[in-house]
Number of protein chains: 2
Amino acid sequence: MDATDARILLALAADPRATVVALAEQLSLSRNTVQARLVRMEQGGVLGSFERRISPKALDQPLTAFVTAQVNQHQLAEVSQALADIAEVVEVFGLSGETDLLVRVVAADAEDLYRVAGQILAVRGIERTTTALAMRELVPHRLTPLLRRAAEGR
Amino acid sequence: MDATDARILLALAADPRATVVALAEQLSLSRNTVQARLVRMEQGGVLGSFERRISPKALDQPLTAFVTAQVNQHQLAEVSQALADIAEVVEVFGLSGETDLLVRVVAADAEDLYRVAGQILAVRGIERTTTALAMRELVPHRLTPLLRRAAEGR
DNA sequence: GTCACTTTTGAGCATATTGCTCAACTTGAG
DNA sequence: CTCAAGTTGAGCAATATGCTCAAAAGTGAC
């Protein structure tokens, strides 16, 4: 990904529904170029799944919580699969140390969250968990600052 | 958001570049309906920014880390602003307790991460931090399971 | 059941976009 | 210089979009 790609993505971030023609005009590039680069980015894994744009709040899951878990590392694969089977589990990272997991979950309300936390703790191979509720989104997910830097070639 | 909206989003998740016409046909809905619902979702905040689809790896920031920080809660606003000024800070949550922050950062390499962690610790109002590197993405961000549930009206 | 209200549908139409191809022109690396 | 890759402008057929409208179908209140 070069600076031009970053400029295209920035324009798209500003207006997700912008057409290729509009992007080309705005960026003073040929339509062909924008089209080719977009295809390349889409196929090259620069763009993740569309699901990422969907807000869980719209799915009546306004609560976000982070569960850290200690696992028996021999059962990491099974644990990982069991967590993936829980719908409310949105994202799981293996943290440094190989024994700690960070599980991002969403829930409809406090009771729902309690239930999900219980499901996680019940997974075979998970030893200990702590749950922290996300009270405020102080900085909503964003990549614009990095995109801007990349667009300027730095 | 109702079950029909969820079905539209599911179809879009499967093929982000699908046209409205294709979605309508696939879902056996009228093109008008799909178009109207998409506009409504886009304007109603169901869809978050396009940036969410961009992979930081493509921006030469293959490392993800989670920094937890303790803050003086009287300075929460200033701290929040200072964190937002760091480009590598991708997302910040205020966790239950009002005194803990979870900061998601990306970095180019270990050295870069060290630098960013230092910047965070240097923010006035931040008392203590711990940094955990995300070694593996065990469950990549996904909403499909919840979407499927919503699509079935449960 | 009836009324009012919202949503969906199908149709139509002008305009814009897409996907594709091609040849010519730049650009940077070796 | 020479090659390979990227960009550009042009063109073209097929398709999608944005918009409007009126009729049909659901929905909930009473």
Side-chain angles (χ1 to χ4, degrees), chain A residues 1-55 57-60 108 146-154, chain B residues 1-61 108 146-154:
Chain A
M1 237 214 42
D2 61 6
T4 305
D5 281 346
R7 292 208 305 142
I8 295 176
L9 292 180
L10 263 179
L12 265 176
D15 176 11
R17 302 187 65 71
T19 65
V20 173
V21 183
L23 293 173
E25 186 175 358
Q26 187 189 339
L27 301 173
S28 301
L29 294 172
S30 107
R31 170 167 87 90
N32 256 336
T33 303
V34 177
Q35 199 126 348
R37 281 173 175 269
L38 272 179
V39 170
R40 186 151 51 79
M41 285 196 266
E42 191 104 31
Q43 294 180 347
V46 173
L47 297 180
S49 143
F50 178 87
E51 303 166 52
R52 296 180 152 284
R53 282 195 57 196
I54 304 173
S55 161
K57 286 176 197 159
L59 286 167
D60 288 313
L146 284 172
L147 274 176
R148 259 197 272 274
R149 181 192 290 175
E152 288 165 13
R154 274 181 282 143
Chain B
M1 238 215 38
D2 60 7
T4 304
D5 281 346
R7 292 208 305 141
I8 295 176
L9 293 179
L10 263 179
L12 265 177
D15 177 10
R17 303 185 64 70
T19 65
V20 172
V21 182
L23 293 173
E25 185 176 357
Q26 186 189 339
L27 302 172
S28 301
L29 294 172
S30 105
R31 170 167 88 89
N32 254 336
T33 303
V34 177
Q35 199 127 347
R37 281 173 175 269
L38 272 180
V39 170
R40 186 151 51 80
M41 286 195 266
E42 191 105 30
Q43 294 181 347
V46 173
L47 297 180
S49 143
F50 177 86
E51 304 166 52
R52 296 180 151 286
R53 283 195 57 198
I54 304 172
S55 161
K57 287 176 197 159
L59 286 166
D60 289 313
Q61 313 275 345
L146 285 172
L147 274 176
R148 260 196 272 273
R149 182 193 289 175
E152 288 164 15
R154 274 181 283 140

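So that the names make sense, note that chain A is the first sequence line, chain B the second, and so on, each numbered from 1.
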*Full working for salt bridge (Lys or Arg N to Asp or Glu O under 4.0 Å) between A:Asp60 and B:Arg149*: CA-CA 11 Å; A:Asp60 288 313; B:Arg149 182 193 289 175; over 6 Å; no
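Rounded to whole Å, atom P of C:dT8 lies 15 Å from atom CG of B:Leu23. Separating the CZ atom of B:Arg17 from the C1' atom of D:dT17 is a distance of 15 Å, rounded to the nearest angstrom. B:Glu42 has its CD atom 15 Å from the C1' atom of D:dG18, to the nearest Å. A straight line from CZ of B:Arg31 to P of D:dT15 spans 14 Å, rounded to a whole angstrom. At whole-Å resolution of the value, CD in A:Gln35 and P in C:dC20 are 9 Å apart. The CG atom of B:Leu29 sits 20 Å away from the P atom of D:dA24 (whole-angstrom rounding). B:Gln43 has its CD atom 13 Å from the C1' atom of D:dG18, to the nearest Å. Between the CG atom of B:Asp2 and the P atom of D:dT27 there is a distance of 11 Å, given to the nearest Å.
Here C:dT9 is the nucleotide among D:dG9, C:dT9, D:dT17 with the atom lying nearest to any side-chain atom of B:Ser30. With C:dG10, C:dC20, D:dG18 as the candidates, the nucleotide lying closest to the side chain of B:Asn32 is C:dG10.
The phosphate of D:dT7 has OP1 or OP2 within less than 4.0 Å of a side-chain N or O from A:Arg37.
With a 4.5 Å cut-off on side-chain heavy atoms, B:Thr33 and B:Leu27 do not count as touching. Counting heavy atoms from C-beta on, the side chains of B:Leu29 and B:Arg7 come closer than 4.5 Å.
Each of A:Val34 and B:Thr19 lies near DNA chain D, and the nucleotide nearest A:Val34 is the one positioned closer to the 5' end.
Considering all non-hydrogen atoms of both residues, B:Ala58 and A:Met1 come closest at O-CB, 3.2 Å.
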